[in-house]
Amino acid sequence: MSKKHVKTQKALSRRAVLKGAAGVAGAAIGSGAITGFPAIWAQEEKVLRYLGTAVNQSDDITKKVKADTGITIQNIVATTDDVTKRVITQPNSFDVLDTEYFSLKKLVPSGNILPMDAKKIKEFDNITPVFTKGQLPNGKVIGDQGTAPKKVMFLEGEHSTKFSPTPTEWVTLIPTVYNADTLGIRPDLIKRPINTWAELLNPEFKGKAAILNIPSIGIMDAAMVVESTGKYKYPDKGNMTKAEIDMTMGVLTEAKKAGQFRAFWKDFNESVNLMASGETVIQSMWSPAVTAVRSKGIPCVFQPLKEGYRSWASGFCMSKGVTPKQADMVYEFVNWYLSGWAGAYLNRQGYYSAVLSTAKANMEPYEWAYWMEGKPAEKDIHGPDGSLLEKAGATRDGGSYDDRMGNVACWNAVMDENDYMVRKWNEFIAS
């Protein structure tokens, strides 16, 4: 689900281990970063062990943080599931945590992460209301099925593990990045309009379809498909009953047995290769992955669908094991992250920054118009690493920020203590 861009996306995998992550982790272990105890450094050193899925991590960001703040970031990259396991079992092995909102109902009760004090976040009042109110800056209310951030963003108090339905000073995650996902397609191979999630299971694409193999995300794509066929209307597809989970997985299992799926991908690069090679023509996809395929000169579209988008979001908090000095550094790092350079960097990858105003101030007007306003590019569009993404005149798939986020139907599914959904998903993959 994490994470240099487009051209170097092979090294950046959202919600998946980076190629070479073992080397990163090994370096961290060799340096004493993962010892089970808080990091120790010389008086002049500023070091933070950053655990995440790589959606917000890159060498460019690490270098910029060091240049601007003097903080050395030691990246610890893991899959979404492994990040959750590490938080539960090894809270002293990291300082700052980058995770997704859907994992909070499992992580918060553990007591292993500390809430963030909103009063210490300089741009907190400028965070988009997508997180705090479940609406766009223009006031439009968006879909909140599943783990909409507003449901799990606030805690009742500094030492509470109970979510607050209204804003408080104590925040579970300071949001950083989010997006609205849909299906990616190869229009040159399909050669007809695609406008509904139901097409993912259309026998026309037998052996040419793929779905994302991360339970809390994949099951939401499946639910969007089930609902679009008219088979069932979920009261909340993001928080299903056991019976609803069984039914949903039954639909997927039937399709799998019929040979519908070419693959169940976890790795960003795998999703790109499947589409670029033509092995799949329709699949769960992330916006930057579509851009990566197109950067190869291959037609690929991040297809708007009439039922809407499935959204996701991530943010920062810290381990309960941090020292006061480390906690101060975490706040310094998070405040830097929201100050605009990183937001612009992520926007150029196809994601959205939590603080739109600071990201905009760090982008050229023509870039903002392309990425955020849905306008044709006045100049060639380049990725964060300088590689050419689109020629002048191109428009972004899905249109403007308001078009995309305004049509969010749901968020990733709830991950909780019982993990029945995860168990059933894994049984489906193994079947």
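One is the number of the first residue; the rest follow in order along the sequence. Here the structure is a predicted model, which is why all the values come from computation and not from measurement. Basis for what follows: all heavy atoms, side chains included, without hydrogens, waters or symmetry-related copies.
Between Asn195 and Gln303, every side-chain heavy-atom pair lies at or beyond the 4.5 Å cut-off. Looking at heavy atoms from C-beta onward, Phe333 lies in side-chain contact with Phe316 at the 4.5 angstrom threshold. Residues Pro203 and Phe205 form no side-chain contact, since every pair of their non-hydrogen atoms from C-beta on lies 4.5 Å or further apart. A 4.5 Å side-chain heavy-atom check between Val334 and Met116 finds at least one atom pair inside the cut-off. When side chains are defined from C-beta on, Lys66 does not count as touching Ile71, because their heavy atoms never get closer than 4.5 Å. Using a 4.5 Å cut-off on side-chain heavy atoms (C-beta onward), Met372 and Leu356 make contact. Proximity of Tyr101 to Pro175: side-chain heavy atoms (C-beta onward) are separated by under 4.5 Å at one or more points.
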Exercise for the section: Could you please spell out the steps behind the salt bridge (Lys or Arg N to Asp or Glu O under 4.0 Å) verdict for Lys120 and Glu169? Expected result: CA-CA 10 Å; Lys120 294 183 179 181; Glu169 178 182 348; over 6 Å; no

Practice task
Could you walk me through whether Glu244 and Lys237 pass the salt bridge (Lys or Arg N to Asp or Glu O under 4.0 Å) test, one step at a time?
Solution key: CA-CA 8 Å; Glu244 289 170 336; Lys237 65 179 70 69; over 6 Å; no

Practice task
Might you work through the side-chain hydrogen bond (donor to acceptor under 3.5 Å, both in side chains) test for Tyr50 and Asp98, ending with a clear yes or no?
Solution key: CA-CA 7 Å; Tyr50 175 170; Asp98 177 355; 2.7 Å; yes

Practice task
Begin from the C-alpha positions of Arg49 and Ser93 and carry the test side-chain hydrogen bond (donor to acceptor under 3.5 Å, both in side chains) through to its verdict.
Solution key: CA-CA 8 Å; Arg49 298 166 299 167; Ser93 69; over 6 Å; no

Problem - Stepwise salt bridge (Lys or Arg N to Asp or Glu O under 4.0 Å) check, Glu254 with Lys257 - result: CA-CA 5 Å; Glu254 183 179 347; Lys257 290 180 178 178; over 6 Å; no

Problem - CA sep, side-chain torsions, deciding dist, call: Glu123, Asn126, side-chain hydrogen bond (donor to acceptor under 3.5 Å, both in side chains) - result: CA-CA 5 Å; Glu123 296 288 343; Asn126 294 323; 2.7 Å; yes

Problem - Pair Val141-Lys133, side-chain contact (heavy atoms from CB on, under 4.5 Å): steps then yes or no - result: CA-CA 8 Å; Val141 176; Lys133 299 178 181 179; over 6 Å; no

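Note on ring orientation: taking the six-membered ring where Trp is involved, the planes of Tyr234 and Tyr232 are perpendicular (angle over 60°, cut-offs 30° and 60°). Taking the six-membered ring for Trp and thresholds of 30 and 60 degrees, Tyr345 and Trp341 have nearly parallel ring planes, at less than 30 degrees apart. Between Phe302 and Tyr309, the ring planes are tilted. Angles from 30° to 60° get that label.
Just one of Asn412, Leu305, Val408, Thr182 meets the side chain to side chain contact (heavy atoms under 4.5 Å, CB included) condition when paired with Arg310; it is Asn412. The only member of Asp397, Ile185, Val301 that meets side chain to side chain contact (heavy atoms under 4.5 Å, CB included) when paired with Val290 is Asp397.
Rounding to the nearest 0.5 Å places OG of Ser228 at 9.0 Å from CG of Leu200. A distance of 10.5 Å separates CE in Met153 from CG in Leu104, rounded to the nearest 0.5 Å. Here CG of Asn179 is found 6.0 Å from CH2 of Trp312. Values are rounded to the nearest 0.5 Å. To the nearest 0.5 Å, atom OG of residue Ser387 and atom CD1 of residue Ile381 are 12.0 Å apart.
Between Leu252 and Ala222, the shortest heavy-atom contact is CD1-CB, 3.6 Å. The heavy-atom pair separating Ala198 from Thr229 by the smallest distance is CB-CG2, 3.8 Å. Between Gly308 and Met224, the shortest heavy-atom contact is O-CE, 3.7 Å. Shown here for Met275 and Ile282, the closest heavy-atom pair between the two residues is SD-N, 4.2 Å. Nearest heavy atoms, Gly383 versus Leu389: N-CG, 3.4 Å. The two atoms that bring Ala255 and Leu201 nearest to each other are CB-CD2, 3.8 Å, heavy atoms only.
Using a distance-only test at 3.5 Å, with no hydrogens or angles considered, no donor-acceptor pair links the side chain of Ser319 to the main chain of Asp95. Between the Gln349 side chain and the Leu346 main chain, no donor and acceptor come within less than 3.5 Å of each other. Checked by atom type and distance alone, the side chain of Ser311 never pairs as donor or acceptor with a backbone atom of Trp411 at under 3.5 Å. A donor-acceptor pair under 3.5 Å links the side-chain atoms of Lys256 to the main chain of Ser431, judged by distance alone. When atom types are taken as modelled, the side chain of Ser110 and the backbone of Leu107 share a donor-acceptor pair closer than 3.5 angstrom. With Gln145 contributing its side chain and Ala409 its backbone, the two residues share no donor-acceptor pair below 3.5 Å. Without hydrogens or angle criteria, Glu307 side chain to Thr196 main chain gives no donor-acceptor distance under 3.5 Å. Of the possible polar contacts, none joining the Asn112 side chain to the Pro91 backbone as a donor-acceptor pair under 3.5 Å is found. Judged by distance alone, the side chain of Tyr331 and the main-chain N or O of Asp117 form a donor-acceptor pair under 3.5 Å. With hydrogens and angles disregarded, a donor-acceptor distance shorter than 3.5 Å links the side chain of Arg396 to the backbone of Gly350.
A salt bridge is absent between Lys122 and Glu332: the closest approach of a Lys/Arg side-chain nitrogen to an acidic carboxylate oxygen does not fall below 4.0 angstrom.
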Expected list for residues 208-220: side-chain donor-acceptor pairs under 3.5 angstrom, two or more places apart:
| unit_1 | atom_1 | unit_2 | atom_2 | d |
| --- | --- | --- | --- | --- |
| Lys208 | NZ | Gly278 | O | 3.2 |
| Asn213 | OD1 | Trp425 | NE1 | 2.8 |

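Taking the side chain to side chain donor-acceptor pair (under 3.5 Å) definition, one finds that Thr62 meets it with Asn75, sequence neighbours left out. Lys151 pairs by the salt bridge (charged side-chain N to carboxylate O under 4.0 Å, His left out) definition with Asp236, not counting sequence neighbours. In this structure, the side-chain contact (heavy atoms from CB on, under 4.5 Å) partners of Pro299, at least two apart in sequence or on a different chain, are Pro187, Asp188. Every residue meeting the side-chain contact (heavy atoms from CB on, under 4.5 Å) condition with Leu136, not counting sequence neighbours, appears here in chain and number order: Val130, Asn138, Lys140, Ile142, Tyr401, Asp402, Met405. Residues that satisfy the side-chain contact (heavy atoms from CB on, under 4.5 Å) test with Thr161, not counting sequence neighbours, are Val108.
Residues Asn202 and Glu199 have side chains that bring a donor and an acceptor to within less than 3.5 angstrom of each other. There is a side-chain donor-acceptor pair under 3.5 Å between Ser103 and Thr99. Side-chain N/O atoms of Thr280 and Gln283 include a donor and acceptor closer than 3.5 Å. In the model, Ser284 has a side-chain atom that pairs as donor or acceptor with a side-chain atom of Asp221 under 3.5 Å.
Heavy-atom neighbours of Glu427 CD from other residues, nucleotides or ligands within 6.0 Å: above the threshold of 12.
Taking the centre and axis of the six-membered ring of Tyr420, the NZ or CZ atom of Lys242 falls inside the cone set by 45° and 6.0 Å.
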